[in-house]
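These notes are about the structure you will find just below.
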Amino acid sequence: MAKKYILKHISTQEIEPTISNEKQQFKIDYENILNPAQYEAVTTINGPVLVIAGAGTGKTQTLVYRVARLVELGVNPSSILLLTFTRKAAEEMLRRASILIDSRCENVSGGTFHSFANLLFRKFSNRVGLPGNFTILDQSDAEDVINLIRAELGFDRSKKRFPRKQTLYDIISLSINKQTSIETIINEQYPQFNEFIVDIQMLYLEYKNYKERNSLLDYDDLLLKLKELLEKDLEFRNHIHRTYKFIMVDEYQDTNKLQAEIVKLLGGTTRNIMVVGDDSQSIYSFRGANFKNIIDFPKDFPDAKIITIEENYRSTQAILNFTNQILASMIEKYPKTLYTKNEFGDLPYIISAQNTTLESKFVVDKILQLREEGVALNDISVLFRSGYISYDLEIELNKAGIPYRKFGGIKFIETAHIKDLISFLRILNNPAEKLSWFRILQLMPGFGPKKSREIAEQIEELIKQNKFSFKEFAESKIFRDKVFELFYLLNECNKKDLLPSEKLNIIIPFYEPILREKYDDFPKRLKDLEIFLAISERYKSLSQFLDDLALEPAVQSVYDIENPGSEDEFLTLSTIHSAKGLEWHSVFVIGVVEGFFPNIRSSESFEDLEEEKRLLYVACTRAKKNLFISYPLIMFSRSEGITLSKKSRFIAPINQEFYEEWIINEE
């Protein structure tokens, strides 16, 4: 019998016409507000576009005005997709675009790759074989699951040192984000674990199965499943192409291979994709970012238009002349020379000190001097290649009474007490969350890992048989005392009309005595519970609250940052990786010494060496008015003891006309 074929007429609205960019009446005077390169980027509407935006050249402004331009041209705002690396960045851009024209810009779809994938999966969960209440694991949760499987497979009892949970997570994550095998990742980055390749592959398969059984996705699954869905499901892909006509991607130099493939799949037939970034600021390969994505964009889109923005609004010309020298020494790059209409300013300083103590004393002395000249501590930063480089400086800052904050501490949601509360909420959202059961059961008196695991597995089995309910457990006589209270509490919280904050108002009084018993510093942690409750009050949906905690976690914790007598004004100490995207009046870059910057391992690879050079470029371009680069002549190496040192190969070749040299001596 012949199959029937139904002819489906395609609506003309499904095919986006090219947008006319001819002069018309605009609310914004784009041509006079933007510089020529920005204006070209904003007004290039159709087809693929690569915008190379040098440090401090107004990349964000360019994206904001392009969103506004598209909306003024009559493009449906909901058909514009803006992908950024933090949700905060997307929200800020759309807020600014709304101020420029009107509230239509609030309807633009903006967010991270991960939040975009999550939004689609919540809507089309059946297409990826997931229930609507699937749970997203943050990194520490994913590591805990891996650790559970590591123990179940007996690898914790290995006679030789088997990789720990963090390393296993990194190996698996890099394999997915770089779209390569676990074997390749281990051979290239973890050769010390070569003998465990087969075991790690087995663990990875068990990890995948565990997530599927328990309706869990980790960060990498969001991207991987989105890519697979776009590749394999033609109906879904066509829907996406009909929905999103204009796509913009910020910080394209920081995308990994998986994200680049998603961008290509999102392009559709119109291929109206604009990616914005700076190849010279690609510094996150350790997270899986692929420098080749931005370099190869013209190969992926042969008709792509390349626009380079070079006018800098941040630094003085003296600083730019210096950083242009670092740029010029890069081998693989898009050529650019930054310039500014700002003042010429003071030359950068390269400072050599006899040892690290003198280097630290110089930095402290100069900070105090700048402070007296009217530069606020908040507008000064000290940057370094690795966290341990600042240890000596921290001693000197404490001696001088200079308040500071060092960035890169524990995230708010990674503190143990907040993870406890999140575990309660995750169970309410998805009772099949075995890991969360395992965590909260161990909070009960007399419950260790073995007993907690047994009950978690019992609950898992009942869920499989569709026989589990909070009410039955609460009314049963199986458990006594605190555990009975736990199930009674969960049953009370399970009422569907309760908001997340109302659920927490039931959970927190139950949890507080546990907190007081478990932690000596419970007063600080109690304040965190208040913060967490306040955050929850913004939400009406528990699943949305949990999604946002996993995808866009709150960072500050009282436990993490509060110090007795802390001042509002503080000096910033930061690794260079954490400082990207920020700027200060005066910047010190310390420890710029051969063997440490670049480090010895990087010297073995051309790609790694180039990235180290880009890292120094990022550090130097954070400075607006003053740039100080220092290095000690004698350093202590843990492997070699006391060693003589010399300035980094990255600054040694720079012509002396571009900087002033100081040698530090004690009086």
Side-chain angles (χ1 to χ4, degrees), residues 34-38 53-61 278 280-281 308-330 335-353 359 362-384 569 571-574 576 579-592 597 613-631 647-648 650-664:
L34 303 168
N35 68 43
Q38 289 175 332
T57 58
K59 167 180 65 69
T60 299
Q61 175 168 276
D278 183 3
S280 303
Q281 296 187 70
T308 305
I309 306 177
E310 297 172 296
E311 184 175 353
N312 178 284
Y313 295 93
R314 176 187 298 154
S315 307
T316 63
Q317 189 62 52
I319 290 173
L320 294 180
N321 288 346
F322 182 87
T323 56
N324 282 335
Q325 295 298 301
I326 302 172
L327 272 179
S329 67
M330 294 177 189
K336 56 183 168 292
T337 302
L338 300 188
Y339 68 92
T340 184
K341 293 174 183 173
N342 294 341
E343 62 180 319
F344 186 83
D346 294 337
L347 291 174
Y349 303 90
I350 294 181
I351 301 110
S352 61
E359 181 186 25
F362 160 76
V363 173
V364 168
D365 190 62
K366 198 65 189 170
I367 288 169
L368 290 171
Q369 184 182 328
L370 288 166
R371 182 83 167 69
E372 290 303 311
E373 291 171 1
V375 182
L377 285 179
N378 288 340
D379 216 1
I380 305 172
S381 74
V382 182
L383 308 180
F384 30 83
E569 188 186 16
L571 170 75
T572 295
L573 305 186
S574 176
I576 300 166
K580 186 172 172 290
L582 303 175
E583 59 184 41
W584 293 270
H585 177 282
S586 299
V587 172
F588 295 80
V589 189
I590 63 173
V592 187
F597 199 164
K613 195 180 293 179
R614 295 195 292 269
L615 198 59
L616 180 62
Y617 172 76
V618 167
C620 294
T621 52
R622 301 309 94 202
K624 293 194 254 184
K625 299 287 185 181
N626 295 318
L627 174 61
F628 304 90
I629 299 171
S630 63
Y631 66 97
K647 71 174 78 168
S648 167
F650 298 151
I651 56 174
I654 295 177
N655 194 303
Q656 283 197 321
E657 69 179 282
F658 297 110
Y659 65 87
E660 189 173 319
E661 191 161 18
W662 289 355
I663 299 172
I664 305 303

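Numbers here are sequence positions counted from 1. Just so it is clear, the values below take in all heavy atoms, side chains as well, and ignore hydrogens, waters and symmetry mates. These figures come from a predicted structure and were not determined experimentally.
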L627 vs Y659, side-chain contact (heavy atoms from CB on, under 4.5 Å): CA-CA, chis, key distance, verdict: CA-CA 10 Å; L627 174 61; Y659 65 87; over 6 Å; no
Chi angles and distances behind the side-chain hydrogen bond (donor to acceptor under 3.5 Å, both in side chains) call for Q325, N321: CA-CA 7 Å; Q325 295 298 301; N321 288 346; over 6 Å; no
Verdict with supporting geometry, E311 and Y339, side-chain contact (heavy atoms from CB on, under 4.5 Å): CA-CA 5 Å; E311 184 175 353; Y339 68 92; 3.5 Å; yes
Test log, rule side-chain contact (heavy atoms from CB on, under 4.5 Å), inputs F658 and L347: CA-CA 7 Å; F658 297 110; L347 291 174; 5.6 Å; no
side-chain hydrogen bond (donor to acceptor under 3.5 Å, both in side chains) between K336 and S280, worked out: CA-CA 10 Å; K336 56 183 168 292; S280 303; 2.9 Å; yes
Worked verdict on I651 versus F322 for side-chain contact (heavy atoms from CB on, under 4.5 Å): CA-CA 10 Å; I651 56 174; F322 182 87; 4.3 Å; yes
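Counting heavy atoms from C-beta on, the side chains of S381 and R622 never come closer than 4.5 Å. Between I367 and V382, some side-chain heavy-atom pair lies under the 4.5 Å cut-off. T316 places none of its side-chain heavy atoms less than 4.5 Å from the side chain of D346. Side-chain contact between Y313 and Q61 is absent, with no heavy atoms from C-beta onward closer than 4.5 Å. Side-chain contact between I629 and P348 is absent, with no heavy atoms from C-beta onward closer than 4.5 Å.
The distance from the CD1 atom of I319 to the CG atom of N626 is 7.0 Å, given to the nearest 0.5 Å. In this structure, the separation between CG on L582 and OG1 on T572 is 8.0 Å, given to the nearest 0.5 Å. A distance of 9.5 Å separates OG of S648 from NZ of K613, quoted to the nearest 0.5 Å. Distance NE2/H585 to CD/E373: 8.5 Å, rounded to 0.5 Å. In this structure, the separation between CZ on F650 and SG on C620 is 11.5 Å, given to the nearest 0.5 Å. One finds the CG atom of L615 at 11.0 Å from the NZ atom of K580 (value rounded to the nearest 0.5 Å).
The one candidate from I380, L383, I351, L571 that meets the side-chain contact (heavy atoms from CB on, under 4.5 Å) condition with F588 is I380.
Not a single donor-acceptor pair under 3.5 Å links the side chain of R314 to the backbone N or O of A55. Here the side chain of N342 pairs a donor or acceptor atom with the backbone of S315 at under 3.5 angstrom. Using a distance-only test at 3.5 Å, with no hydrogens or angles considered, a donor-acceptor pair links the side chain of Q38 to the main chain of T57. No donor-acceptor distance shorter than 3.5 angstrom exists from the side chain of E359 to the backbone of A353, with no hydrogens or angles considered. Looking only at distances, a side-chain donor or acceptor of N324 sits under 3.5 Å from a matching main-chain atom of L338. Counting only distance, with no hydrogens or angles, the side chain of T340 and the backbone of N312 share a donor-acceptor pair below 3.5 Å. With hydrogens and angles ignored, the 3.5 Å screen pairs no side-chain donor or acceptor of Q281 with any backbone N or O of V618.
Two rings, from Y349 and F628, have their centers less than 6.0 Å apart.
Nearest heavy-atom pair, G345 versus A318, reported as atom, atom and distance to 0.1 Å: O-CB, 3.7 Å. What you find for I664 and F362 is that their closest heavy atoms are CD1-CD1, 3.7 Å. For the pair G54 and D278, the tightest heavy-atom approach, listed with the atom from each and the gap, is CA-OD2, 3.7 Å.
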